[in-house]
K.L.:
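This is the structure I want to talk about, given as structure tokens.
We count residues from 1, following the sequence as given. Atom set for the values below is all heavy atoms of this structure, side chains included, hydrogens, waters and symmetry mates excluded.
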Amino acid sequence: MRDADDGTSEIKFASIIVDAVLGGDEVVSRSQVFDYEIPAALRGRLQRGHMVRVPFGPRVVRGFVVDLRAEADSDSGRVRKIRDLVSDARYLSEDDLELAEWVASEYLCSPVQVLRSMLPPGFRDRTGPPTVRRLTLAVEDLRVALKELAQAKKQAAALMEAAHLKQPVQRTRLAQLAGVSTSTVDALVNRGFLRWVDVRDGARPYDQRYRHDAPDSLTSDQSRALEKLLPAVAGDGGSFLLYGVTSSGKTEIYLRVIERVLARGRGAILMVPEISLTPQMVARVKGRLGDGVAVLHSALSGGERAGEWHRLFSGEARVALGPRSAVFAPIADLGAIIVDEEHESTYKQETAPRYHARDVALKRADMAGATVILGSATPCLESYYATEAGSCGMLQLPERIDARPMPAVDVVDMRQEWKQGHHSIFSRPLHEALEMRLDRGEQSILFLNQRGYSSFLVCTDCGHTFKCSDCNVTMTYHRDGGTLRCHYCNDRMEVPRVCPECRGRVVRRGVGTQKVEAAARSAFPGARIARLDTDTARRKDARSQIYEQFSRGDLDILVGTQMIAKGWDIRAVTLVGVVDADTALHFPDFRSSERTFQILTQVAGRAGRGRRPGQVIIQTTSPDHPAITCAAEGDLEGFYARELADRQRAQYPPFVDLVRLVLSGETEPMVEMWAQEVRRRLQGSVQPEGQVRFMGPAPAPLDRLRGQYRWHLLLKTPDLSRSLDGLREVMHNMRMGREDPRIIVDVNPAQML
């Protein structure tokens, strides 16, 4: 995108990114920027960032103005004219356009995909804030009108009610307040006593009063963290990793920083990793900051989301709260961006544009001179390494509020349980601990990570699992052919009859939350038990309802997945049982150890947050694995030091960048052929000096999805920008037909499925 003309010549043309798909929705095969003539009525009014309607082929489409100029690049005789403005309002600022260009370049997507993300769904079709139809009085003299309705008492009552309200009212609401039917209200409209008007949509999410007072005092650790943060807020900003154990008071730090930002007349963004955490954070943030907080997330209705977006755009609200898309919130003079639970993979968008909200936050803050706080009890390796490299400041909260102790952690070796003839889902220590909590009237959480899709093999005697010798990831069992396969380099091996280490019995592993719930009901028939996972949370408000039940003490045991591993502050929970720590540990991903450590640490933090001490029981067949032992001991530094050494040895992030290409199509031979062809072309384009390492192509872990065969190829590169330039050239020169595979490019992917 080019800067606007300096004004020395008359501006007659605009460069516009058309809002249309060209050459596929993933990697655009040609430019989406086209020159259009500005009609006389718009000259002098049109600005960069305006949305316009333009002819494009036989259609009229919307577009984003990214440049203004005196002359067009092409022959002016062939340049078509802009039809009109979508709205007089300029919804995209200069910074928005610059950020969109950076995201498009960094993640190899089209700018229009990013610009769409900066507006709420459906907002491109509106010319202002959302409106709704309401009823209002259509008479000047109410007394005269009531005389006319002397024989229609119900209509008179409804008209009186409308007059008392003194503001437009919904049709059904008026009928309800007046105690009449909607047909009575309709009769008043037909007789001319009431009329319809369009008013700004007043639908507001979380539109209730909250109260959350600041604590009387801060801990010494919180005070030290603020002493470093507040000067940055008052100055030119900077980035900080706030590493604080669970229940150490990170949210209070966030709130005080935002209060200081608002006091300086600037705005802030507070991001949470997923929608399910939003209601709890809303209560705390709105309780402290009031109505100047706008909530943005995809579970809101279209009108609610557009309304909240417009409150931020107009300056009525100065704080945006929501998941990853909130990073694009329309806040002028941004002073701070806070990324809570910054390690979570949900901050990575899995569809185009495949941006990582944490990295976009860092870029946007740098552009605005704002402060970034990355908060977590288990920071991602990339953020932790940035503090060691000196590019990010480290702030620590090593103790819980009121010096409450961390829960005691016990690791149960399930191999010993099996050897002693105990094959229940619950080990004997976990069963006894659950019984004890039920007797005491305390609450328990049973956690099971269900991130895996394919089963893995494990020896029941020594716990040995089968890993690829080249890639150091767990090999996946394939029922078709009875083989173990590496989904990085495609190395294979036959399924062994016995363990190669000890000659013990080899079994497949895998259990789900539904089975755990059934087992708990069978083992503890008098207990009040509920389950929270993707299946049970599909009903709207299901998560908040279960949370309220649990927090009120109406449940004894809650079985759940990652949904209950973070953000839950239930003081009566004194026991957390991790049913199976191995599922994530042996997942075919180089991040499996890191994620296991993180999720165990996070879920352990749900126990003992009140006055009573907590206990955590971790069931595993790999009790000596560093992710298990370090999580049990709370040794973050020790785990990260070991994991960073392993990553450097194998050349994985944060020491290199990864680019993943996924090809999918209806026939596997064709997909494999194209995958090999893409690698051949890339080898001559992105690694002229042999610095880029290729892995694969190989079948993706989900090798067939929705009827499509899937292969993937990984690039490990020390120079991402240079590699993307070469990759972009190859992709633009690919001549693939409609029947050929679809190609997805994912820069620094969060998962490898």
Side-chain angles (χ1 to χ4, degrees), residues 49 91-100 102-103 118 212 214 218 222-242 249-272 281-282 284-296 308-342 347 357-376 383 386 391-395:
Y91 291 132
L92 298 167
S93 68
E94 294 286 341
D95 283 349
D96 291 333
L97 296 177
E98 183 181 344
L99 183 64
W102 179 85
V103 173
M118 292 179 169
H212 179 76
L218 298 176
Q222 287 176 314
S223 296
R224 279 191 290 271
L226 280 170
E227 286 174 4
K228 294 182 179 179
L229 284 169
L230 295 183
V233 171
D236 297 327
S239 60
F240 298 87
L241 174 62
L242 180 60
K250 293 187 290 295
T251 304
E252 182 60 30
I253 299 291
Y254 303 158
L255 292 172
R256 296 205 178 206
V257 166
I258 294 174
E259 286 173 336
R260 183 62 62 90
V261 166
L262 294 175
R264 296 180 61 81
R266 306 185 76 182
I269 297 172
L270 172 54
M271 290 193 288
V272 293
M281 191 64 85
V282 166
R284 296 195 67 176
V285 177
K286 280 202 167 188
R288 279 279 285 280
L289 305 178
D291 199 45
V293 178
V295 182
L296 298 172
E308 292 290 270
W309 189 94
H310 203 275
R311 289 181 64 222
L312 293 166
F313 176 75
S314 66
E316 178 185 336
R318 300 290 292 150
V319 179
L321 170 62
R324 62 175 175 266
S325 59
V327 75
F328 296 119
I331 296 177
D333 197 8
L334 187 64
I337 304 180
I338 297 162
V339 186
D340 188 34
E341 307 288 2
E342 64 86 29
Y347 283 120
R358 180 186 63 236
D359 297 333
V360 176
L362 290 166
K363 177 63 177 180
R364 185 175 181 187
D366 181 62
M367 292 168 53
T371 302
V372 175
I373 303 174
L374 309 176
S376 178
S383 297
S391 59
C392 183
M394 170 69 92
L395 308 172

K.L.:
For E252, is there any backbone N or O sitting under 3.5 Å from a side-chain donor or acceptor partner on Q222?
P.N.:
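No.
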K.L.:
I want to check something: taking the side chain as every heavy atom from C-beta on, are V360 and F328 in contact at a cut-off of under 4.5 Å?
P.N.:
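A side-chain contact under 4.5 Å exists here.
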K.L.:
Among V327, I337, V339, V372, whose side-chain contact (heavy atoms from CB on, under 4.5 Å) with L362 holds?
P.N.:
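Looking at V327, I337, V339, V372, the match for L362 under the side-chain contact (heavy atoms from CB on, under 4.5 Å) is V372.
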K.L.:
So which heavy atom on A234 is nearest to which on R264, and how close?
P.N.:
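Looking at all heavy atoms of both residues, the closest pair is O-NH2, 3.2 Å.
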K.L.:
Is a salt bridge present between E259 and R256, judged by a nitrogen-to-oxygen distance below 4.0 Å?
P.N.:
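A salt bridge is absent here (no side-chain N lies under 4.0 Å from a carboxylate O).
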K.L.:
Which residue pairs pass the side chain to side chain donor-acceptor pair (under 3.5 Å) test when at least one of the two sits in residues 321-333, sequence neighbours left out?
P.N.:
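Sorted pair list: R266-D333, R305-S325, R324-Q349.
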K.L.:
Which heavy atom of I331 sits nearest a heavy atom of G267, and at what distance?
P.N.:
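Shortest heavy-atom contact: CG2-CA, 3.7 Å.
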K.L.:
Measuring from atom CG of L270 to atom OH of Y254, what distance do you get when rounded to the nearest 0.5 angstrom?
P.N.:
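Separation between the atoms: 7.5 Å.
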K.L.:
Can you name the closest pair of heavy atoms from V261 and G335 and give their distance?
P.N.:
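Smallest interatomic distance, heavy atoms only, reads CG1-CA, 4.0 Å.
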K.L.:
Between atom CG of L334 and atom CZ of R318, what is the distance when rounded to the nearest 0.5 Å?
P.N.:
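L334 atom CG to R318 atom CZ measures 8.5 Å (nearest 0.5 Å).
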K.L.:
Return the set of residues passing ring-ring contact (aromatic ring centres under 6.0 Å, His included) with F240 (not counting sequence neighbours), or none when no residue passes.
P.N.:
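Per chain and number, F240 pairs via ring-ring contact (aromatic ring centres under 6.0 Å, His included) with no residue.
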K.L.:
Is there side-chain contact between L226 and V257, with at least one heavy-atom pair below 4.5 Å?
P.N.:
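The answer is yes; the side chains approach within 4.5 Å.
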K.L.:
If you compare all heavy atoms of D359 against all heavy atoms of W102, which two are closest, and at what distance to 0.1 Å?
P.N.:
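Looks like O-CH2, 3.9 Å.
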K.L.:
Side-chain contact test, heavy atoms from C-beta onward, threshold under 4.5 Å: evaluate it for R260 versus L229 and give yes or no.
P.N.:
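Result no, sub-4.5 Å side-chain heavy-atom pair not found.
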K.L.:
Could you give the distance from NZ (K286) to CG (L321), rounded to the nearest 0.5 Å?
P.N.:
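One gets 9.0 Å once the value is rounded to the nearest 0.5 Å.
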K.L.:
Any side-chain to backbone donor/acceptor pair from E308 onto L296? Under 3.5 Å, distance only.
P.N.:
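Here the side-chain-to-backbone pair does not exist.
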K.L.:
Might you point out which heavy atoms bring L395 and A225 nearest each other, and give the distance in Å?
P.N.:
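Looking at all heavy atoms of both residues, the shortest contact is CD1-O, 4.1 Å.
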K.L.:
Between W309 and M118 (side chain of the first, backbone of the second, donor and acceptor by atom type, cut-off under 3.5 Å), is there such a pair?
P.N.:
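Side chain of W309 to backbone of M118: a pair is present.
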K.L.:
What's the spacing between L241 CG and E342 CD if we round to 0.5 Å?
P.N.:
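These two atoms lie 6.0 Å from each other.
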K.L.:
For a quick test of reading the model, state the closest non-hydrogen atom pair linking S391 to S239 and the distance between them.
P.N.:
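Between these two residues, the closest heavy atoms are O-OG, 3.4 Å.
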K.L.:
Is a side-chain N or O of Y347 found less than 3.5 angstrom from the main chain of M271, in a donor-acceptor match?
P.N.:
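Yes.
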K.L.:
Verify, without hydrogens or angle tests, whether D366 (side chain) and K363 (backbone) share a donor-acceptor contact under 3.5 angstrom.
P.N.:
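Side chain of D366 to backbone of K363: no pair is present.
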K.L.:
Could you note down all residue pairs passing salt bridge (charged side-chain N to carboxylate O under 4.0 Å, His left out) where residues 227-238 supplies at least one of them, sequence neighbours left out?
P.N.:
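Sorted pair list comes back empty.
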K.L.:
Look up atom CD1 in I338 and atom CD1 in I253, then write down how far apart they are to the nearest 0.5 Å.
P.N.:
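Between atom CD1 of I338 and atom CD1 of I253 there are 10.0 Å.
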